[in-house]
Enquirer: 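Handing you this structure, nothing more for now.
Note that this is a predicted model, so its numbers are computed, not measured. Per chain, numbering begins at 1; letters A, B, ... match sequence-line order.
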2 protein chains.
Amino acid sequence: MGKVLIIGAGGVGTVVAHKVAQNSNVFDEIMLASRTKSKCDAIAEKIGVNKIKTAKVDADNVDDLVQLFKSFQPDLVINVALPYQDLTIMDACLIAGVNYLDTANYEPKDEAKYEYSWQWAYQDKFKAAGLTAILGCGFDPGVTSVFTAYAAKHHFDEIHELDIVDCNAGDHGKAFATNFNPEINIREVTQKGKYWQDGKWVETEPHEIHKPLNYPNIGAKESYVIYHEELESLVKNFPTLKRARFWMTFGQEYLTHLRVIQNIGMARIDPIIYNGVEIVPIQFLKAVLPDPGELGENYTGETSIGCRIKGIKDGKVQTYYVYNNCSHEAAYKETGAQGVSYTTGVPATIGAMMFMKGLWRKPGVFNVEEFNPDPFMEELNKQGLPWHELFNVDLEM
Amino acid sequence: MGKVLIIGAGGVGTVVAHKVAQNSNVFDEIMLASRTKSKCDAIAEKIGVNKIKTAKVDADNVDDLVQLFKSFQPDLVINVALPYQDLTIMDACLIAGVNYLDTANYEPKDEAKYEYSWQWAYQDKFKAAGLTAILGCGFDPGVTSVFTAYAAKHHFDEIHELDIVDCNAGDHGKAFATNFNPEINIREVTQKGKYWQDGKWVETEPHEIHKPLNYPNIGAKESYVIYHEELESLVKNFPTLKRARFWMTFGQEYLTHLRVIQNIGMARIDPIIYNGVEIVPIQFLKAVLPDPGELGENYTGETSIGCRIKGIKDGKVQTYYVYNNCSHEAAYKETGAQGVSYTTGVPATIGAMMFMKGLWRKPGVFNVEEFNPDPFMEELNKQGLPWHELFNVDLEM
């Protein structure tokens, strides 16, 4: 039904390549491209070199991207490169007439700022070009946004309180490692907390608000309110929300490591001069830390991510909890990548399917909750991320 | 009485330059040299540019050193550069006919190994050249070795147990910083422990043996058995020693930071490839951490370093504790450097005085305990590091 170009050959790119190749009824031509072609070739070899083409591309370079787009002529680009590269890829899509999907919002390299403003500013350009841009189609943002849209559509007349709860109860056996790009991970986790309350943002110190929450099949885990990008679009698209928060679990050791990394200056995103060369400490740290793509082999345990929602249905207060649990071992067995990559890559693939099938296709720039959630929810169950729902349980909030 | 060349313009070099300049009756010409001449000039400006010459020298380069030695013609080089540079400086001394003094043993860049073998191997060469090399003339090694020699000479017939106790109860107000070159500091502190017992070395895990010890004017501080280089020469020069250990105080936060620095790979001394360039993580970390030379300004509290000795005097068991306490604030006020630099730089200056006065001068390579301790002990009281002795107190060992 269509040609797809995947940009990025990390853990998420590995999963997307596997899942896209599994759905050859939807994707009839596939290309995987990244700065390092050998990484693409290694992934393609595992999947089958007849199923997937590879290419080298510098995603920071619009001309380089346009050249590749024009020669391969994809219907859709799945951007699972770095968030810094969202805008260059969107620019290239506009020039070459290609539709766009990503999993994380653009952020500038030199400030840790999570907001959609830069990408939402492309709304008119994509509309005028008759092209679709689907933003934030991983798990969170992505599935959590679809969960919210599904709840609002089917189970509530009005949603009032949303708590997105993200638990990783996995064990990778390393003293310290991040589950995705350490640079992005550390920037995200060490920022100040922020949540939506009564029409405005409330800022907190990093990790100021926390309590143990119970996760299905896992039990109680200390969970921390952090800011997460889907909150920005969800409070805009669901204006009845009185409160919206994002909770993530962290172990004490993980937090100690983060605290020290900040104390010693290795979380800095401004360059220092080392032997006459500018080097950004957090980027150097990334080169020293374990590669998240290599964590899969001995990763045990599971993730549990979901939405806990309170609102009104037929004049009565109702609570609702919809979630998915994902096993790191099963994810690795299927794709060679761990659960955190898997839960991001599968939804990106489903989003691409929605586009290819014409179900999520309209000119402009959209967050995923702006599309019909039903076919996406159906596909989650088929593609390896089955979900479960609980009604009127104690949300612990 | 003589010309002295100081190599190294860090915190210790700053103190040596100040103290040497204060003793113009002994040192009639002074030069301070380092890789970065501007650092020397800044120090010279504070002391008085008429009192001290400056020069640029690459201490890794024997030819460069020889050229400087031949033009300035010092009687003695005080080496307070990096321990990696001990051998190039000793080689240059032999070529140019200059006497030598340092404060820390040579170690190769690519292995954290503290031993005198490399420098002791120069014994015949210095002897043949009629030159004196004085090794390890800081506080520890240095004063601790002189303390031991003084105790053995005056207060014991036989010394049996030696515990060197090094407490830094200062507070520099930073979340994490090292008191001297972080590269050397972290390599030293994260190595395995080792002590002398009944004629052989006993190895321990890092920080395996620890207990609170009481320090004069400070109180109880958790103290850890680590290996320290003066133990090697002391057990050789005092063969009656049945046990010799080195204890250092560390705060829990300091140890947590060290543990994390190791866990994340930033203590590695082997290079990684970053953007095509070889970079040693611990050297990069050094560039990110606070400069130990800049810690002085707000440093409060004091250090307490001494020797606790048990042995036989006139057929009876005797205990002896000799120590110095040094105030970070007083050190900064006098020299612009904190106490850890001060307690290293003052003994180096006194060692140089001993040489210039002909009291510590004989052809060959020697550790400081092989010289007469008495004039050195007398000078400690005059130069800012007064010492105190206690007899037959509980050594807590």
Side-chain angles (χ1 to χ4, degrees), chain A residues 35-36 38-39 58 60 82 109 171-179 181-183 185-186 189-190 206 250-292 294-295, chain B residues 35-36 38 58 60 82 109 171-179 181-183 185-187 189-190 206 250-292 294-295:
Chain A
R35 191 185 301 267
T36 314
S38 59
K39 288 171 83 175
D58 175 1
D60 288 319
L82 294 171
K109 267 196 176 174
D171 179 8
H172 48 55
K174 310 257 181 202
F176 181 77
T178 58
N179 289 297
N181 187 320
E183 186 180 348
N185 189 209
I186 293 171
V189 173
T190 56
F250 302 116
Q252 204 47 57
E253 265 293 273
Y254 182 84
L255 294 178
T256 296
H257 279 68
L258 284 185
R259 182 171 62 83
V260 170
I261 286 168
Q262 290 179 288
N263 281 348
I264 63 177
M266 288 304 298
R268 282 171 60 176
I269 61 177
D270 59 312
I272 66 150
I273 304 296
Y274 181 78
N275 283 352
V277 180
E278 282 200 348
I279 296 181
V280 176
I282 200 169
Q283 288 172 6
F284 183 81
L285 179 62
K286 177 186 167 190
V288 177
L289 284 176
D291 178 353
E294 305 290 314
L295 291 180
Chain B
R35 191 185 301 267
T36 314
S38 60
D58 175 1
D60 288 320
L82 293 172
K109 266 196 177 172
D171 179 9
H172 48 56
K174 309 258 182 201
F176 180 77
T178 58
N179 289 298
N181 188 320
E183 187 181 348
N185 189 210
I186 293 172
R187 284 170 74 150
V189 172
T190 57
F250 302 117
Q252 203 48 56
E253 265 294 272
Y254 183 84
L255 293 178
T256 296
H257 279 68
L258 284 184
R259 182 171 62 83
V260 169
I261 286 169
Q262 289 179 289
N263 281 347
I264 63 177
M266 288 305 299
R268 281 172 61 177
I269 61 175
D270 58 312
I272 67 151
I273 304 296
Y274 180 77
N275 284 350
V277 180
E278 281 200 350
I279 296 181
V280 176
I282 200 169
Q283 287 173 8
F284 183 79
L285 179 62
K286 178 186 166 188
V288 177
L289 285 176
D291 178 353
E294 305 291 313
L295 292 180

Enquirer: Which atom names give the shortest non-hydrogen contact between A:Val288 and B:Ile264, and what distance separates them?
Expert: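 Closest approach of A:Val288 to B:Ile264: CG1-O, 3.3 Å.
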Enquirer: Side chain from CB out, backbone as N, CA, C, O: work out which of these in B:Phe284 comes under 4.5 Å of a heavy atom of chain A, or both, or neither.
Expert: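 Both parts, backbone and side chain.
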Enquirer: Have a look at B:Ile279 and tell me which of A:Val277, A:Ile279, A:Asn275 forms a side-chain contact (heavy atoms from CB on, under 4.5 Å) with it.
Expert: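 Considering A:Val277, A:Ile279, A:Asn275, a side-chain contact (heavy atoms from CB on, under 4.5 Å) with B:Ile279 is found only for A:Ile279.
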Enquirer: If we define contacts as heavy-atom pairs under 4.5 Å, which of A:Pro182, A:Pro281, A:Ala177 has the most with chain B?
Expert: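 Most pairs with chain B among the choices: A:Pro281.
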Enquirer: Which one, B:Glu253, B:Lys174, B:Lys286, B:Gln262, leads in non-hydrogen pairs under 4.5 Å with chain A?
Expert: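 Most heavy-atom pairs within the cutoff with chain A belong to B:Glu253.
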